[in-house]
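In what follows, a structure is listed as structure tokens, so that the remarks can point back to it.
This structure is a prediction, so every number in the text was calculated from the model and none was measured. Just so it is clear, the values below take in all heavy atoms, side chains as well, and ignore hydrogens, waters and symmetry mates.
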Amino acid sequence: MSTHDAVGIGFGPANLALAIALEEEPAGVDIHFIEAQPDPVWQGGMLLDRSDIQNHPCRDLVTLRNPRSRYTFINYLFEQDRLVEHLNLPMEFPLRKEYAGYIRWATGHFAHLVDLGVAAGRVALAGPPDRPVYEVHTSDGRCLTARALVLGCGRTPLVPAPFDAVRSPRVVHLTRYLDTVRQLPRPPGSVAVVGGSQSAVELVLDLSRRFPDARVVNYLRAPGPRLKDTSPFSEEAFFPSFTDYYFNASRAGKNTLDALLRPTNYSTTDGDVLKELYISIYEQRLDGHQRVFVAGNRVVDSATAHEHGVELAVRELHTGVVTHDLVDLVVLATGFRDLGPGPHQEPYPPLLHEVVDRFRFDDDGYLVVNADYSLAPHDARTPPLFLNGLCESTHGLGDAGSFSLLSVRAATIHHSLGKRMGGANG
């Protein structure tokens, strides 16, 4: 059985950016990746018509690390003979579909490094106590061994109560939205979208276009969808220097920064889609046939799946009045779990449950993550384990699943891997 220097679990944009960095700046690291999806599509469940990526296109897989790379988004457009046409688009940000095409194009260059359609079923440690290695047991019956592990499988979708207790194909997280609506046997008569994010508004708009006769209701805790904070000063939270600042702050300081910066990335919406939604509702009222509704100040207390739909008990937060709504489909625009001890967090990535006791937690219940995105072990002999794209609670908004600092993080992990594995191989 051969042992790799490193095994990467997941081959989405995070580990793809790492693979590119290792190709462009060889560090003598033998790395192999596995990816559960046989045909990975970036944000496949949300490639909605006319939706954009919400960040500058040059914050791509490589540009902040190496603007001369052939793997830039600009070079992708050039190679597709679409650069001039794209530059003429009257849009601030690229279409999400086009960026998904860019990710697919870049992924295709690394087929020799990744096994697609292969999931990690179990991660364990084996070998002599003074030189243990990781064992990654895969869905195709193999066992990959490695001197280091890079976990880049993305965050766990957040399915909050009461929906976490509902086992029904009529309740879906946004990650499965497009697959679900494309397979419906008939158009739904009513749909509930739960959440107050950009994705929630995009879903409401898509549903209203896709099923023009359906009643679509957006339930959210806030009075209504809120405008995103796009101040350039707030956007400096996506600077590498701010990552360092956030990393070195106390937990109390991090909590304060999170609260202040939350409107730049969470539970808020870009102005263009907000205006489109408001105008759509206004016009429907003008026509005397409203089909889209925003129900703010609401929380869903219970959800019961029936043969003919899902019955929601919805409470108005300030009056306490409870109403019931029977819908054909519920789409959860409720985001993802970050690492931590909170009610909507998870203490560690579930795949690490057999090895997590080898690593330290701080007094507040958070995994201790080093500046290079590696976990801090109890024993220095524990082989390195990096979290690629899972460290918002320690590194701030730049690690919040966006592209903003993807290539910079890849460079950090790349250099640390090269240093650690160089010593191991020597």
Check your understanding: Does the side chain of S393 pick up a donor-acceptor pair with the side chain of Q345 at under 3.5 Å?
Key -> no

Exercise for review: Tell me yes or no: between the side chains of S234 and D229, is some donor less than 3.5 Å from an acceptor?
Suggested key: yes

Check your understanding: Which residue, F403, F11, W105, forms the ring pair (Phe, Tyr, Trp, His ring centres under 6.0 Å) with W42?
Key -> F403

Check your understanding: Looking just at side-chain N and O atoms, do Y71 and E23 make a donor-acceptor pair shorter than 3.5 Å?
Key -> yes

Exercise for review: Answer with yes or no whether the side chains of D325 and Y219 bring together a donor and an acceptor at under 3.5 Å.
Suggested key: yes

Review point. Does R360 CZ have over 12 foreign heavy atoms under 6.0 Å away?
Key: no

Check your understanding: Do the non-hydrogen side-chain atoms of Y134 and T382 ever get within less than 4.5 Å of each other?
Key -> yes

Check your understanding: Does the pair F110 and F33 meet the rule for a ring pair (Phe, Tyr, Trp, His ring centres under 6.0 Å), with working shown?
Key -> CA-CA 10 Å; F110 293 90; F33 299 90; 8.4 Å; no

Practice item. Only pairs at least two apart or in different chains count here, so list each ring-ring contact (aromatic ring centres under 6.0 Å, His included) that has a residue in residues 341-373. Key: Y373-H395

Check your understanding: So, the side chain of H324 versus the backbone of A313: is there a donor-acceptor pair under 3.5 Å, distance only?
Key -> no

Check your understanding: Is T269 close to Q198 at the side-chain level, that is, under 4.5 Å between some pair of heavy atoms?
Key -> yes

Study note, to complete from the structure: Contacts of F336 meeting ring pair (Phe, Tyr, Trp, His ring centres under 6.0 Å) (sequence neighbours excluded), chain-then-number -> H173

Point to revise | Residues, nucleotides or ligands: over 12 heavy atoms within 6.0 Å of R209 CZ | key: yes

Point to revise | Exceeds 12 heavy-atom contacts within 6.0 angstrom, atom CZ of F293 | key: yes

Practice item. Kindly compute the distance separating CG (D364) from CG (N255), expressed to the nearest 0.5 Å. Key: 8.0 Å

Practice item. Given ring pair (Phe, Tyr, Trp, His ring centres under 6.0 Å), test F73 with H86 step by step and report yes or no. Key: CA-CA 11 Å; F73 177 65; H86 176 85; 5.5 Å; yes

Check your understanding: Under 3.5 Å, side chain of S374 to main-chain N/O of N370, donor-acceptor pair present?
Key -> no

Practice item. Would you please name every residue forming a salt bridge (charged side-chain N to carboxylate O under 4.0 Å, His left out) with D357, sequence neighbours left out? Key: none

Study note, to complete from the structure: All heavy atoms of E392 vs all of Y266, minimum pair found to be OE1-OH, 2.6 Å

Practice item. Step through the shown structure and confirm whether more than 12 heavy atoms of other residues, nucleotides or ligands are within 6.0 Å of CG on D130. Key: yes

**Study point:** Nearest heavy atoms of A200 and G195, plus distance in Å
**Key:** CB-O, 3.3 Å

Exercise for review: Taking all heavy atoms of A17 and all of L406, pick out the closest pair and write down the distance.
Suggested key: CB-CG, 4.1 Å

Check your understanding: What do the steps show when you test F386 against R420 for side-chain contact (heavy atoms from CB on, under 4.5 Å), and what is the final call?
Key -> CA-CA 12 Å; F386 296 87; R420 293 169 185 249; 3.9 Å; yes

Review point. Strictly by modelled atom types, are E25 and H414 linked by a side-chain donor-acceptor pair under 3.5 Å?
Key: no

Exercise for review: For the residue pair M46 and L178, establish whether any side-chain heavy-atom pair is separated by less than 4.5 Å.
Suggested key: no

**Study point:** Heavy-atom side-chain contact between L257 and F242 under 4.5 Å
**Key:** yes

